[in-house]
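Data block below; observations after.
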Amino acid sequence: MMNSMIIGKYVPGNSVIHRMDPRAKLLIIFMYVFIVFLANNSVTYAVLTVFTFGFLALSRIPLSFVIRGLKPIIWIIVFTFLLHVLMTKEGDVLYQIGSFSIYEGGVKQGIFISLRFLLLIIITTLLTLTTTPIEVTDGVEILLAPLKKMRVPVHELALMMSISLRFIPTLMEETEKIMKAQTARGVDFTGGRFSERMKAIVSLLVPLFISSFKRAEELATAMEARGYRGGEGRTKFRQLVWKWTDTAFLAAVLLLAVVLFVLRS
Amino acid sequence: MTETILSVEKLCFRYPNQSDYAVQNVTFQAKRGEWLAIVGHNGSGKSTIAKLLIGLLRPESGVIKLFHHVLDEQTVWEIRRRVGMVFQNPDNQFVGTTVEDDVAFALENNGVPRDEMVKRVHEAIRQVHMEEFLHHEPHHLSGGQKQRVAIAGILALRPDLIILDEATSMLDPKGRQEVLDTVRDLNKKQRITVLSITHDLEEVAKADRVIVMNRGEIMTEGTPKQIFALGTKLERIGLDLPFAVKIRDRLKQCGIPLSSSYFTIEELVEELWTLYSKR
């Protein structure tokens, strides 16, 4: 069950990218999303690609992990590519089948757009591969802190996220236990017709829901007993440290933006 | 003369939409450094008392005084800072993503500055002997270890009173022993008052004083020795005597001269073999 959750799974490591402040990583990704759209010719796309793969190399994450992360969206990329190849009518005709003709501009556009997509996915996958979910939560909480003035419950959202993360393994264990208990009572989760399998799933979900509600209530009681009364006046144990490398990376991304802006046509 | 830190007077409580009282006319005190046990069958009102003590439920009538403060809306947070409670289910009270985060949770809630927090977290974790698990996630810990982390979370606040609400009932014998040894140690060395709410009479044997609850009322009160002497009376209200006590009573009935001052199997074995070798 754990194996199917490989998308966005943290790969422990100690690279420069791993040690970066999650706030810096989130900011870089946010900027990157806009920067990607600056590229519009071969040179700028080449620069962008080199830059992205540079990040990838620094993270020391095996390429196979990234590729596995790409699998679910590869069809979207292929589809985007085909759509552009068939729809764009610019430049010389390269190939003709019946009434369909493929233009040079179309192929170019197709490659550019799918590359843009690919690079975006690679950089965001890199975030989840090198940052623990709890670090992401901490980063999001701090970056969104100004929104508190607009009455956005930032602290509550972050706490909800961290509690959910903490309970994922617990609920997984519980699911497995219930599954075994129901199998022992004769429920078949693997075989049978679709409708039968759906019924089997119900026998898994109902107990799981009931126990989750019970857990939630007990957890709330325990939190209150330990003096939890909302975000006000609360201090934080987890601390993020902004290092000079974080500033350096941020500067590098800004530089990339400038370079792309100059080189774009 | 030791200081009374907890006093409960004529406490009554009913759950909403119920005519029977869950807790009725309960009066008792606890002194500093004492280990007080409250025993009773399921539904005898013992867990309800725990919830009333830290203001999770509000009594219908009666007064709860902790450290000479009357428990009310103004004092409840101060009281929760000085009273730690360990609940039954080890998983459902673990809030943090790692051991150290969880121990820090109550400190965060009370706005303790970070430097102080780090110091206290490490100190508390050392006291429950969980140093090597500092960065571990809860699903890599056993039930007993999780309960010890819960105790550390309480110790970090430097409490005066620890309430164990059936804290060992979901643990295996080894985990239970670990938790009880940890608490005993704190009780002896730091004179932290312990209120243990349980239906396990083996746990009761460790207490200085025992209150027996039946149907929301206090049935009797005394030392473990006095309580175990009640024998079948306890069994009639749904409590099970420790194995060693049962065996001892049967042996005595058969005419074997045993003293009645012990509750554990080790002590029974000890007495039996000395008796045998004297013959």
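Not measured: the values here are computed from a predicted model. Per chain, numbering begins at 1; letters A, B, ... match sequence-line order.
- For the salt bridge (Lys or Arg N to Asp or Glu O under 4.0 Å) condition, the pairs that include at least one residue of residues 141-161 of chain A, sequence neighbours left out, are A:E141-A:K236.
- We find the CG-NZ distance between B:N89 and A:K214 to be 7.5 Å, quoted to the nearest 0.5 Å.
- Neither the backbone nor the side chain of B:E137 comes within less than 4.5 Å of any heavy atom of chain A.
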For B:D91 and A:R215: C-alpha separation, side-chain torsions, deciding distance, then whether side-chain contact (heavy atoms from CB on, under 4.5 Å) applies.
CA-CA 8 Å; B:D91 259 316; A:R215 267 183 207 286; 3.6 Å; yes
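- Neither the backbone nor the side chain of B:Q88 comes within less than 4.5 Å of any heavy atom in chain A.
- In this structure, the portions of B:F105 lying under 4.5 Å from any heavy atom of chain A include both its backbone and its side chain.
- Taking CZ from A:R226 and CD from B:E108, the interatomic distance works out to 9.5 Å, rounded to the nearest 0.5 Å.
- B:D115 does not touch chain A: none of its heavy atoms, backbone or side chain, sits under 4.5 Å away.
- Using a 4.5 Å cut-off between non-hydrogen atoms, the part of residues 53-81 of chain B that approaches chain A consists of B:I54, B:L56, B:W77, B:R80.
- Within the 4.5 angstrom heavy-atom criterion, no atom of B:I154 approaches chain A.
- Contacts of B:V121 with chain A are made by side-chain atoms alone, with heavy-atom separations under 4.5 Å and no backbone atom involved.
- In this structure, A:R234 CZ and B:N109 CG are separated by 4.5 Å, a value rounded to the nearest 0.5 Å.
- The distance from the CZ atom of A:F237 to the CZ atom of B:R114 is 6.0 Å, given to the nearest 0.5 Å.
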Test log, rule side-chain contact (heavy atoms from CB on, under 4.5 Å), inputs A:M223 and B:V95:
CA-CA 8 Å; A:M223 282 170 68; B:V95 187; 3.7 Å; yes
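- One finds the NZ atom of B:K51 at 11.5 Å from the CD atom of A:E224 (value rounded to the nearest 0.5 Å).
- Among the residues in residues 169-186 of chain B, none has a non-hydrogen atom closer than 4.5 angstrom to a non-hydrogen atom of chain A.
- Looking at heavy atoms from C-beta onward, B:V118 lies out of side-chain contact with A:Q239 at the 4.5 angstrom threshold.
- Every ring pair (Phe, Tyr, Trp, His ring centres under 6.0 Å) that B:H136 has, sequence neighbours left out, goes to B:F133.
- Atom CZ of B:F94 and atom CD1 of A:I163 lie 12.5 Å apart (nearest 0.5 Å).
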